[in-house]
Each structure stands twice: as C-alpha cells, then as structure tokens.
Visitor: 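This is the structure I want to talk about, given as structure tokens.
Along the sequence shown, the residues carry numbers beginning at 1.
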Amino acid sequence: MFRKIAIDEALISAFVERWQPDTNTFHLPFGEMTILLHDVQYLLQIPVEGRLMSRTSAQLDHPEVGLCVLLGMNSEQLSGRSEAPEYGNRGKWYEKGGFLAEMASRYLQVNGTHVTEAQSYLLLLLGSTLFVDKSRDRVRPVVNLFLDELEEIDQYSWASGTLAWLYRYLGQASRAGARGVAGCLTLLQCWIYEYFPGFRPSHFEPPVVGPDEAWASRWIGQPAPGSVADPSVRLVFYRRALDRLTPSDVFWTPFHQRPHQAVRRSLYTGVIRFADIGEFYDPARCLRQFGYRQMVPPPPSRPQRADRPEAPSGYVIRIPESFDATWDALLSHMVHIDMYSQPWTTYPYETTIDYLDWFVAHSHCRVLRDDGDADRLVDSAVVRFDH
C-alpha cells in the first residue's frame, strides 16, 4: 500500500477544481461523486472498521509534547532554539506545524530505543504516505498521537482518518488562493483511474490484483503522465475532457457490484476525523457508486463553524466533539440502502427524473465556458437520465 505512483499534477488539479467542500464531493456534468470509505479500503488495503481517529482538545493543544518524548528532546531543541550544533546545523526541527523528517530519522538511528525506532518509523511512514503535508519533507506531530501505544495501532479506522485528512486538504486546495494540495494523492489518482478509464495512462494495462492486495498497486510502474510535457497544456486538456464527460464514461462500481455488502460502514453518514480534523461523510449524495439509483439528497450537514476564504491559511472547519458519537451508532447513522433497491436500476448511472434538474440548479457543471460542445453534452445527458 505504501509504494507511490507517478503523480500527474495536472490531472489532480483538474479534479481539485471541481471539489465542493460543503458537500465533500466532486461536481461533474452529470452529478456528484466522491471517494468513499470502501474505495479507501480496496485501493490501500487499510481498515475501515475500528475506532474513530479522534483526540480530546487537551491532547490536541500541544501535540509537540509527545514528539519531544519520542525524540528525546526538549522544546528548545525541537524548535531550533538550542545552541547545540547537532540540533542547529540544518535549520529548525519544528516549524510551521511540522518537523523535519530527515533530521528526526538521523537522530533516532543514533539515540533511539527499539520502541522509539518503531514509533518513528511508523511516524515517518504515515507522514509520507497517508497524511502528507504540502511541504513534502515535514510531518505534523498530531500523527504521533496515535502511536503512543503500539499494541493499539490496529484498533483504529485508518481508512476514515486518511479520508478525513484528504477531504480537508482538497477543501483547502479548492480555494482560489491555494498553491498545491496535501493528502494521499496516490489514493486520489488511483481512484480517478479506477472510476474514469478515459484518464488512465495510455499503452499501460494494469494487472489483476489478488483479494488481499491493494488495488493501487495496479498502477505502480505506469508511464510518466501524458504525452504532452507542458503541465498547463495537460490541465486545459483535462478540464475540457471533464466538461465533456458523460455518465457512461464512468465505471461506477469498479471493486464490487454492491460494495456496501463487503464494507458495510461505507454507508455510514456522519463525522470522520483525524486528530484535529473533522469532516462530514455523506454517501447519500453518491448512491450510483453503490450500484443504486441516485435521488435528490438531503441538505448537507452544517459544522459549528465554517470559514472557507480564498486564502487557505484562514480555512477553518469546526465540528463539535459530540458529533463523534455517530461513529459508534452505525445502525442509526447510515444510509439504509433498502429504500433505494426497488425498482432495480436498469443501467449503472440511473437517477430519479428530478435529480439532474436539481443538480444543475445547485452546481456549476463545467469549468470552461467557451465550449459549446460541452453545453450540448450536458443537454444530451438529460435524455440519458430521464429515460
């Protein structure tokens, strides 16, 4: 699961432009889609079931304290205020909410115990794969909050934590003033490849994976992105391709015809968390990804506070800790799929007759406004959805 693939930044950017943080979905010409919990489990082979990855406010106030304990440093050494040369010759250890991964690794090779070496390995591994910072060389100390007790690591829902982290940074990256995106981009890009075959690398046939293998491993060894070297040219190409996308271009259920039968919690509706990050998860907006007909969804849940300015630095989403109880009450906080099972869908992307009109009225279906063909494609999709 931890082997990375070659990231196509232009492709990622084209999808980020369509991310709507108030619903945590991508808005496409024919409706909403998103990365769901079963997608994370299939693509990365990390567990959905387990404890919600939340922490108390007191634990989140000073996450660097645990980092000091792990690294055997005091706060001055961690912040770079120490005059000792081994701490000051490469700049600050701890800056802008993260610590230098390379320096921590070197320190632990010399001074670590077996326990701290194991914790640091997991810390650097998770910080460079699932919980990636935009800096690419720093790891946020909140990751360490889940490594205090090594014997409890397998008790957490790492899939929901990974997804909450990615949702948050997709939201930040969707702002006009954003520069770059954090999170597990391997997950995002492999999700695009599995659901949208038209964006897969040309002349590359992914192998079939075994039942216990991560589907993301199918894309290891793919060729470099695109035949056009200029990322800006590729971005325009991807924008136009997404504007022209039709529902028949999507592989709606790539992993299982009824994925909720294999990963029941994928139907959960409520809050998912990773440390100080909380996001709403709502599969009712993407029923076609479960193999069922899409209907107009209920209004999205509202956080206690939501500030989404153009500058990502002011991006704040606050959801009360009391909402976390929904995770442990699955039966009363899930989409009851039985109500969507009859009549059976006659084709994979079926919707109710009123869905597309509702969606067009509440969304911007296209990015490029000068493409008349895109307008005609959206109009033609009405016929496909209403028959």
Side-chain angles (χ1 to χ4, degrees), residues 15-27 32-37 39-40 48 51-61 63 97 130-131 133-134 140 142-143 145-146 156-178 181-184 187-188 265-287 296-330 332-335 358-359 362-364:
F15 272 83
V16 168
E17 290 175 339
R18 295 170 182 272
W19 183 257
Q20 297 296 321
D22 56 337
T23 58
N24 284 329
T25 56
F26 297 103
H27 281 208
E32 295 175 275
M33 294 184 67
T34 197
I35 305 172
L36 296 162
L37 286 171
D39 295 324
V40 184
V48 169
R51 288 155 51 186
L52 190 68
M53 302 194 73
S54 59
R55 283 293 181 262
T56 64
S57 299
Q59 292 172 307
L60 294 170
D61 282 343
L130 302 184
F131 308 107
D133 182 81
K134 283 200 295 185
R140 286 188 59 193
V142 291
V143 180
L145 295 175
F146 300 92
Y156 293 110
S157 171
W158 290 96
S160 66
T162 300
L163 192 58
W165 183 282
L166 182 58
Y167 277 3
R168 173 59 53 85
Y169 286 104
L170 284 173
Q172 288 190 6
S174 69
R175 304 298 87 190
V181 58
C184 185
L187 169 62
L188 174 56
R265 191 172 287 274
S266 198
L267 292 174
Y268 162 77
T269 178
V271 175
I272 54 176
R273 286 194 188 271
F274 183 80
D276 56 335
I277 290 175
E279 293 286 345
F280 285 112
Y281 174 83
D282 188 4
R285 311 189 77 87
C286 304
L287 294 174
V296 175
S301 301
R302 299 299 181 188
Q304 183 182 46
R305 176 186 173 188
D307 296 329
R308 302 185 180 101
E310 290 188 3
S313 59
Y315 194 100
V316 177
I317 304 293
R318 290 182 182 172
I319 301 174
E321 293 179 12
S322 58
F323 281 53
D324 296 359
T326 60
W327 182 262
D328 295 321
L330 179 60
S332 57
H333 293 89
M334 65 183 297
V335 175
W358 167 86
F359 177 72
H362 289 80
S363 176
H364 299 287

Visitor: Any non-hydrogen side-chain atom of Pro283 less than 4.5 Å from a side-chain atom of Thr269?
Guide: yes
Visitor: Between CG of Leu188 and CG of Asp39, what distance do you get to the nearest 0.5 Å?
Guide: 11.0 Å
Visitor: Quick one: does Trp158's side chain get under 4.5 Å of Val40's, heavy atoms only?
Guide: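 When only atoms from C-beta onward are counted, Val40 and Trp158 do not touch, as no gap falls below 4.5 Å.
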Visitor: Given 3.5 Å as the limit, does a donor-acceptor pair link the side chain of Tyr167 with the main chain of Ile35, or not?
Guide: yes
Visitor: Any sub-3.5 Å donor-acceptor pair from Thr162's side-chain atoms to Leu130's backbone N or O?
Guide: no
Visitor: If you look at every heavy atom in Phe280 and Arg302, which pair is closest and at what distance?
Guide: CE1-C, 3.7 Å
Visitor: Once rounded to the nearest 0.5 Å, what's the spacing between atom CZ of Phe146 and atom CE of Met53?
Guide: 4.5 Å
Visitor: Going through the checks in order, is the side chain to side chain contact (heavy atoms under 4.5 Å, CB included) test met by His362 and Thr23?
Guide: CA-CA 12 Å; His362 289 80; Thr23 58; over 6 Å; no
Visitor: To the nearest 0.5 Å, what is the distance between CD1 (Ile317) and CG (Asp276)?
Guide: 12.5 Å
Visitor: Given Val143 and Phe274, is the side chain to side chain contact (heavy atoms under 4.5 Å, CB included) satisfied, shown in steps?
Guide: CA-CA 9 Å; Val143 180; Phe274 183 80; 4.2 Å; yes
Visitor: Report yes if some heavy atom in the side chain of Phe359 is under 4.5 Å from a heavy atom in the side chain of Glu32; otherwise report no.
Guide: yes
Visitor: Take Asp282 and Thr25, measure what side chain to side chain contact (heavy atoms under 4.5 Å, CB included) needs, and give me the verdict at the end.
Guide: CA-CA 9 Å; Asp282 188 4; Thr25 56; over 6 Å; no
Visitor: Using every non-hydrogen atom in the two residues, find where Ala159 and Val48 come nearest and quote the distance to one decimal.
Guide: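 Of all heavy-atom pairs spanning Ala159 and Val48, the closest is CB-CG2, 3.7 Å.
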Visitor: Treating Asp22 as the side-chain partner and Pro300 as the backbone partner, does any N or O pair qualify as donor plus acceptor under 3.5 Å?
Guide: no
Visitor: What is the distance from atom CG of Leu52 to atom OG1 of Thr326, rounded to the nearest 0.5 Å?
Guide: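 Atom-to-atom, Leu52:CG and Thr326:OG1 are 7.5 Å apart.
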Visitor: Mark yes or no for whether Ser174, through its side chain, and Glu17, through its backbone, hold a donor-acceptor pair below 3.5 Å.
Guide: no
Visitor: To the nearest 0.5 angstrom, please state how far the CG atom of Asp328 sits from the NE2 atom of His333.
Guide: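 Here the rounded value is 11.0 Å.
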Visitor: Distance-only, no hydrogens or angles: does the Tyr281 side chain make a donor-acceptor pair with backbone N or O of Leu37 under 3.5 Å?
Guide: yes
Visitor: Val142 and Ala275: which non-hydrogen atoms are nearest, and at how many Å?
Guide: CB-CB, 3.8 Å
Visitor: For the pair Arg168 (side chain) and Gly278 (backbone), establish whether a donor and an acceptor sit closer than 3.5 Å, ignoring hydrogens and angles.
Guide: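 Yes, because the side chain of Arg168 sits within donor-acceptor range (under 3.5 Å) of the backbone of Gly278.
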Visitor: Within 45° of the axis and under 6.0 Å from the centre of the six-membered ring of Trp327, does NZ or CZ of Arg51 qualify?
Guide: no
Visitor: Distance from Leu163 atom CG to Thr34 atom OG1, nearest 0.5 Å?
Guide: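 The OG1 atom of Thr34 is 7.0 Å from CG of Leu163, to the nearest 0.5 Å.
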Visitor: Got a donor-acceptor contact below 3.5 angstrom from the Arg285 side chain to the Pro298 backbone?
Guide: yes
Visitor: Quick one: do Ile319 and Arg273 satisfy side chain to side chain contact (heavy atoms under 4.5 Å, CB included)? Show the steps, please.
Guide: CA-CA 10 Å; Ile319 301 174; Arg273 286 194 188 271; 3.8 Å; yes
Visitor: Measure the shortest side-chain to side-chain distance between Phe26 and Leu170 over non-hydrogen atoms and say whether it is less than 4.5 angstrom.
Guide: yes
Visitor: Could you tell me whether Trp165 and Tyr169 have their ring centroids closer than 6.0 angstrom?
Guide: yes
